[in-house]
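Below is one structure; the comments refer to it alone.
Letters A, B, ... mirror the listed sequences (proteins, then strands); counts begin at 1.
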2 protein chains.
Amino acid sequence: MEKKEKITDKKTALLDATLNLVNNHGFHKAPMSKIAKLAGVAPATIYLYFENKQDLINSLYLTVKASFSEHAFKGYEDGLPVKKGFEIIWYNIADYKLNKIDEATFLSQCDNTPIIDEAVAEEGLKHLQPLLDLWEKGRKEEIVKPLSNYILYAYTVYPLSFLLAIQEKNYYKLNDEMRQKAFQSAWDAIKI
Amino acid sequence: MEKKEKITDKKTALLDATLNLVNNHGFHKAPMSKIAKLAGVAPATIYLYFENKQDLINSLYLTVKASFSEHAFKGYEDGLPVKKGFEIIWYNIADYKLNKIDEATFLSQCDNTPIIDEAVAEEGLKHLQPLLDLWEKGRKEEIVKPLSNYILYAYTVYPLSFLLAIQEKNYYKLNDEMRQKAFQSAWDAIKI
DNA sequence: TTATAAAAAATGAACGTTCATTCATTAGAA
DNA sequence: TTCTAATGAATGAACGTTCATTTTTTATAA
């Protein structure tokens, strides 16, 4: 028990350190030596927990992606009305992107650069299935426009990445009122 | 005349090479030696045209951003009706993002990572002013929702980045019909 | 035009540094 | 004592950049 916890401890510290360094300085300025130092560990120790740097990055990506997906579907269940279900998921994602800033920023970076191995990136996509199912239902009920999942995603979830980036740069937080308006725009974009 | 052209030639070749390597393998796997080789030039030659690697990347960013902005406002003029003006600009941007794939992919990467110096990144933003002015007009005429420029951008232009990425990964091209539907969604998101 | 000198552009090898990774050794728990 | 986790110094490869030299272009004079 204790042993397991300790292992997780250092592993987590390493993942956290990597997240911070890659976010703030980019992959190319996040050397293993600095990651180790920030995690309070010797460089060689990294290799007890990860095969190499690429494995470290891939693991971080999958870890963060999993936490994101878990967040996205909190309180959601199949069978809810389409708009209600969509609202729940959308606000969950908004909360994650606008509060867990470091994690969300890192995901943005991974999705827009080739730093993650392709196979790993694809694995990260599978978590969104419930949302895709919901959209399918919405299309059948003619509540949602007959658009591909890609386009629906592009106009509802993806804009949140931009709002996150803006929020970070301007050091201001999107308040509840703005968030409601943003949701309305997302819904207007895809509703029939 | 000839001299000027030749200089531009090598500089252009270097920028092109950088664009390709950074796009396909990321900044950290785009060493100066490879950039030089791909441009058909000796490594030392790069330093005749650019101060260092950072300057090379910054220059590339500004060059591409300028070409993007030029494209965005082709055929647009002040005084057009808001929806018409927005349509022209939106389709221009869509054309750019979906056809000039390399350039657009590179811009995405720059906007989501810290590889560009902050001051340079801010300079790249100034080009969009006519669109911001148009939105201001739209808000005054109560055609466009009273949302900040950030949100309007997030729901109209930004989604195109996602569609670009998808198009790249799936090797399919968004046809005209899909493009029209995408425009409709963008407009639905922000119109009153 | 041709020959030659001066200037500019381009080069490839070399430099110092930084990096990811390894390994012999040590510290600590069982 | 035995075994595992952790270490810090060591290593070789790769990197960005520099520099002495060569090649190409331009300018000048015959």
What does the list of N/O pairs under 3.5 Å between the protein and nucleotides 15-22 of chain C look like, with a distance for each?
unit_1	atom_1	unit_2	atom_2	d
C/dA20	OP1	A/Lys53	NZ	2.6
C/dA20	OP2	A/Met32	N	2.5
C/dT21	OP2	A/Tyr47	OH	2.7
C/dT21	OP2	A/Lys53	N	2.9
C/dT21	O5'	A/Tyr47	OH	3.3

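Looking only at atom types and distance, the side chain of B/Gln180 has no donor-acceptor partner in the side chain of B/Asp176 under 3.5 Å away.
Atom CD1 of B/Ile46 is separated from atom C1' of C/dT11 by 12 Å (rounded to the nearest Å). Remark: P of C/dA10 and CZ of B/Phe50 are 12 Å apart, rounded to the nearest angstrom. Atom CG in A/Leu48 sits roughly 16 Å away from atom P in C/dA24 (whole-Å rounding). When the P atom of D/dA14 is taken as reference, atom CD1 of B/Ile35 falls 17 Å away, rounded to whole Å.
Between B/Tyr153 and B/Tyr158, the two ring planes are tilted [angle within 30° to 60°]. Taking the six-membered ring where the residue is Trp, B/Tyr76 and B/Phe73 present tilted rings, their angle falling between 30° and 60°.
Across every non-hydrogen atom of B/Asn23 and B/Asp102, the tightest pair is ND2-O, 2.9 Å.
Here B/Lys10 does not reach the OP1 or OP2 of C/dA9: none of its side-chain N or O atoms lies under 4.0 Å away. Taking side-chain N and O atoms only, A/Tyr49 has a distance below 4.0 Å to OP1 or OP2 of D/dA6.
Of the charged side-chain nitrogens involved, at least one lies within less than 4.0 Å of a carboxylate oxygen, so that A/Asp95 and A/Arg179 count as a salt-bridged pair.
Ring pair B/Phe183/B/Phe86: centre-to-centre distance below 6.0 Å.
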